[in-house]
Amino acid sequence: MSRQELTIGLFGFGCVGTGLYEVLAKTPTLKTTLKTVCIKHPHKSRKAPDHLFTTDPGAILNDPDINVVVELIDDADSAYAIVKTALLSGKAVVTANKKMLAEHLEELLAIQATTGVPLLYEAACCASIPIIRNLEEYYDNDLLESIQGIVNGSTNYILTRALEDNLTMNAALAQAQALGYAESNPILDTGGFDAKYKLVILLAHAFGLVVRPEEVFHCGIDQIGQLEWDYARAHNLKIKLVAHAYKTPGGSISAFVLPTFVAPDNKLYGVDDVFNGVVTQTCFADTQFFMGKGAGAYPTASAVLSDISALTYHYRYEHKKYNSAERLTPAEDIQLKVFLRHDLAHSTQFKRHFESIEACFTNRDAGYLIGTITLAALQVLMAHPGASLSPIALEVVHPAAVAWTQPTAEAAVLVS
Ligand code: HSE
């Protein structure tokens, strides 16, 4: 098949847009021309010729020479308008905007299906790890049983520096911002939203399951406190923000994002700083592991570059799993073993939500429980008004999946 010549219109020239500009300049073999770059603030100094820049989106969207729109802006609502307009006018789109994709996935898939115009977004999940194309192309629908991933680079950087350097979470966040990893609104990172958006996208390609972001339960890292770090250190565990998805025995999918204690025998234990990692569990291949930088200008630009290159070969996602007759539904019947830190005022109140309790601990300031709880009950509990709660997953109890190695209950009560 002959390679298609591409004329690109780029939206956004921030961290990733600038990275892409540099990466394209170093990839002369790619048959592409960057014709126009649409930016918001015309007076910023930029390391690219002035004639490239415009503040008028129409200069790209209405230009018949431009056959590919690369969308790398920060604002999900504007990104949605750009992407939709581009697709409907027959321009292929490459985007890295996970929030926009997660919020509009069903509609965008429908537009792609009716127009046949490609929409690629490898950079939206785990930046440099080619996870979407692997889930899309390599895994057959019923072979994948679970995925667990560290999918947000900023929170992984923060958790790594907090454990290794004893940095406060705020100080570590400031470093992640300075390194260009964090979202411009960092609550999206620390609150677990960004990881959830990425999980929504992964679910579509792993299992063909398209859900709204608000259907996926998530907790971020912003509630993690001293007791959790003491527990981690005492048991040689790390705390990671993990996106989980499990196929249940009935064939439905349970998905959630939770801080998770990870033991040294887990592949995700060695995934530190800005690195992301994804562990897949399949029927026949057993466990597989992907790792790479999950944020930053060049790692993200590398995934955008790969999508641009794929377009030259007329590549598009087929969404075979999504389009297959058998549909999967979200499930909440999963049971988790969790560590739940609570304030002293609520030390007994939460026990009734648990199926069983293995350990309890309190000191002068706070306490924790370790026990088994359904995901549905945990959601109810976390919506409890006024309670200061911090859950960390220890293990998936049901369905039996990748077990997180965990300390014993006796060891748990010794932490002080
Ligand atoms: N803020 C995101 C992260 C950027 O830290 O993972 C890459 O999607």
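In listed order, ligands and their atoms are each counted from 1. Side chains are part of it too, since the values below use all heavy atoms of this structure and drop only hydrogens, waters and symmetry mates. Numbers for residues simply follow the sequence, beginning at 1.
The distance from atom CG of L101 to atom SG of C125, rounded to the nearest 0.5 Å, is 8.0 Å.
Close contacts of ligand 1 with K198, meaning ligand atoms under 4.0 Å from a residue heavy atom, involve 2 (C), 3 (C), 6 (O), 7 (C), 8 (O). Residue D189 approaches ligand 1 through these ligand atoms, each under 4.0 Å from one of its heavy atoms: 1 (N), 2 (C), 3 (C), 5 (O).
Atom 1 (N) of ligand 1 has E183 OE2, 2.6 Å as its closest protein atom, hydrogens excluded (heavy atom only). Protein heavy atom nearest atom 8 (O) of ligand 1, with residue, atom name and distance: K98 NZ, 2.6 Å. Regarding atom 6 (O) of ligand 1, its nearest protein heavy-atom neighbour is G153 N, 2.8 Å. Shortest contact from atom 5 (O) of ligand 1 to any protein heavy atom: S154 OG, 2.7 Å.
Ion pairing of K337 with E358 is present here, as a side-chain N (NZ or NE/NH1/NH2) and a carboxylate O approach within less than 4.0 Å. The existence of a salt bridge linking D307 and R133 is confirmed by a sub-4.0 Å separation between a basic side-chain nitrogen and an acidic carboxylate oxygen. Remark: K40 does not engage D74 in a salt bridge, criterion side-chain N to carboxylate O under 4.0 Å. Using a cutoff of 4.0 Å between basic side-chain nitrogens and carboxylate oxygens, D272 and K240 are scored as salt-bridged.
The two residues F275 and I150 have their closest heavy-atom pair at O-CG2, 4.1 Å.
Counting heavy atoms under 4.0 Å from ligand 1, residue N152 touches it through both backbone and side chain.
Contact between G294 and ligand 1 is present, with at least one heavy atom of the residue lying under 4.0 Å from the ligand.
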